[in-house]
Amino acid sequence: GEPENKLEFGKKLISTLTYLYLRQGDAVGLEVPTGKSGMHLPARRNPSQLHAVLEILGKTKAKGSDLFSQKMHHLAEGTRMRALVLLVSDFLEEPDDLANAIHHLRDRKHELVLFHVMDRQEMDFSFDRPTRFMDLEGGSPTLTEPSVIRRQYLEQLEAHSSTLRKVCAETQSGYHQIVTDEGVVKALSGFSSERTRS
């Protein structure tokens with residue numbers, strides 16, 4: 001990713017949101033769904049919670065084969081009190097699995113906001129010569145000719161995003177598609193204005 005990868009952008013977004021919510025006196029927790037057990041930080045209002053969040057995010061790497069949608073189901077079952085759940089991900093999983101997990105969280109009465117983090121190269125697919133795509137989460141690399149697959153790729157990407165937007169509309173959940181080169185301030189401005197209106 002340019003100027004930073006999606007994981008680093010997501011960490012910055014989560015850190016900023018943690019700081020803002022703690023400043024207004026809200027309790028903040030963190031669930032990082034990596035590996036079998038993941039990393040869990042119970043919600044607290046204490047200002048030192050920011051340091052705890054930053055420490056966990058600093059150790060977080062893009063690895064593991066567990067699906068985010070499965071972790072969302074775990075979160076739905078494990079979070080006892082109603083909460084505002086902010087999901088930060090590229091959501092590159094089967095749309096039906098994600099939709100079921102979103103419905104599960106809403107059925108448990110949680111308010112949801114999805115931050116769909118994308119890189120500009122994913123959005124535009126502006127590659128113009130044979131390219132080897134690496135899976136940073138452990139999958140095999142793929143060599144392809146971008147001009148051959150561009151149209152189909154962009155159609156599938158739009159269908160995927162449309163499905164997420166649709167399920168968010170059905171469940172009255174927030175949806176924000178964020179491109180990493182636009183920065184955290186722009187990402188949060190749409191979210192803030194939406195929260196002010198509601």
Side-chain angles (χ1 to χ4, degrees), residues 1-22 27-44 46 48-79 83-95 97-98 101-102 104-105 112-123 125 127 131-144 153 157 160-161 164 175-188 191:
E2 295 291 338
E4 61 189 338
N5 67 42
K6 294 183 290 186
L7 178 62
E8 293 308 313
F9 183 90
K11 290 179 182 183
K12 195 180 290 184
L13 180 64
I14 293 166
S15 301
T16 305
L17 287 163
T18 299
Y19 172 76
L20 294 172
Y21 276 106
L22 287 171
V28 176
L30 179 67
E31 187 86 28
V32 178
T34 57
K36 290 201 181 296
S37 59
M39 289 182 270
H40 173 72
L41 183 66
R44 293 193 176 90
N46 193 314
S48 66
Q49 188 79 335
L50 178 60
H51 178 73
V53 167
L54 293 175
E55 192 171 334
I56 288 176
L57 292 176
K59 296 175 185 174
T60 300
K61 306 238 184 296
K63 63 178 182 177
S65 56
D66 292 348
L67 296 175
F68 190 57
S69 54
Q70 292 172 349
K71 298 294 185 174
M72 289 165 65
H73 285 294
H74 175 75
L75 184 63
E77 290 301 319
T79 307
L84 169 62
V85 178
L86 307 176
L87 300 168
V88 180
S89 175
D90 59 11
F91 297 104
L92 292 179
E93 291 183 22
E94 287 298 324
D97 294 341
L98 291 166
I102 290 167
H104 188 185
L105 279 158
L112 290 185
V113 178
L114 278 67
F115 290 99
H116 188 182
V117 180
M118 301 286 290
D119 184 90
R120 180 66 61 193
Q121 293 178 97
E122 288 178 300
M123 301 285 294
F125 206 73
F127 306 98
T131 306
R132 182 182 308 278
F133 294 96
M134 307 297 291
D135 183 346
L136 297 179
E137 296 178 21
S140 301
T142 302
L143 179 64
T144 189
Y153 166 83
L157 179 65
H160 185 79
S161 298
L164 286 176
Y175 175 84
H176 300 276
Q177 191 173 73
I178 298 164
V179 186
T180 56
D181 64 5
E182 293 179 344
V184 169
V185 172
K186 181 165 184 186
L188 290 177
F191 172 64

Are Val117 and Val88 close enough that some pair of their side-chain heavy atoms sits under 4.5 Å apart? yes

Value rounded to 0.5 Å, distance of CG in Leu50 from CG in Leu22: 6.5 Å

Would you indicate whether the side-chain heavy atoms of Thr142 and Arg132 approach each other to under 4.5 Å? no

First locate atom CD of Gln177, then atom CG of Leu114, and finally report the distance between them rounded to the nearest 0.5 Å. 11.5 Å

Least distance between heavy atoms, Pro42 atom then Gln49 atom: O-NE2, 2.8 Å

Taken to the nearest 0.5 Å, the spacing of Phe191 CZ from Leu20 CG works out to 9.0 Å

Ignoring hydrogens, what is the shortest heavy-atom contact between Ala187 and Phe115? Give both atom names and the distance. O-CE2, 4.5 Å

Could you tell me which residues satisfy ring-ring contact (aromatic ring centres under 6.0 Å, His included) with His116, sequence neighbours excluded, listed by chain and number? Phe91, Tyr175

Residues, nucleotides or ligands: over 12 heavy atoms within 6.0 Å of Glu77 CD: yes

Value for CG (Leu157) from CE (Met123), rounded to nearest 0.5 Å, stands at 6.5 Å

Minimum heavy-atom separation for Ala27 and Ala43, please, with both atom names. CB-CB, 4.1 Å

Looking at Lys12 and Glu8, does any basic side-chain N land under 4.0 Å from a carboxylate oxygen? no

Spatial distance of atom CG (Leu30) from atom CG (Leu17) [nearest 0.5 Å]: 11.5 Å

Would you say the side-chain atoms of Tyr19 pair up with the backbone N or O of Ile14, donor to acceptor, closer than 3.5 Å? no

Give a yes or no on whether the backbone of Lys71 and the side-chain of Glu31 come within a donor-acceptor separation of less than 3.5 Å. no

Between Lys6 and Asp119, is the closest basic N to carboxylate O distance under 4.0 Å? no

Any side-chain heavy-atom pair from Leu41 and Val28 closer than 4.5 angstrom? no

What I'd like to find out is whether the side chain of Leu164 reaches to under 4.5 Å of the side chain of Pro95, using heavy atoms alone. no

Is the shortest heavy-atom distance from the side chain of Phe127 to the side chain of Thr144 under 4.5 Å? no

Reported NZ-to-CG distance for the pair Lys11 and Asn5, which is rounded to 0.5 angstrom: 8.0 Å

Is there a side-chain contact between Val113 and Val85 in this structure, where contact means two heavy atoms from C-beta onward sitting under 4.5 Å apart? no

Tell me, do Phe68 and Leu92 make a side-chain contact under 4.5 Å, heavy atoms counted? no

What heavy-atom pair brings Ala83 and Thr79 nearest, and what distance separates the two atoms? CB-CG2, 4.4 Å

Heavy-atom closest pair (Leu87 atom, Met72 atom, distance to 0.1 Å) is CD1-CE, 3.7 Å

Any side-chain heavy atom of Leu86 sitting closer than 4.5 Å to one from Leu13? no

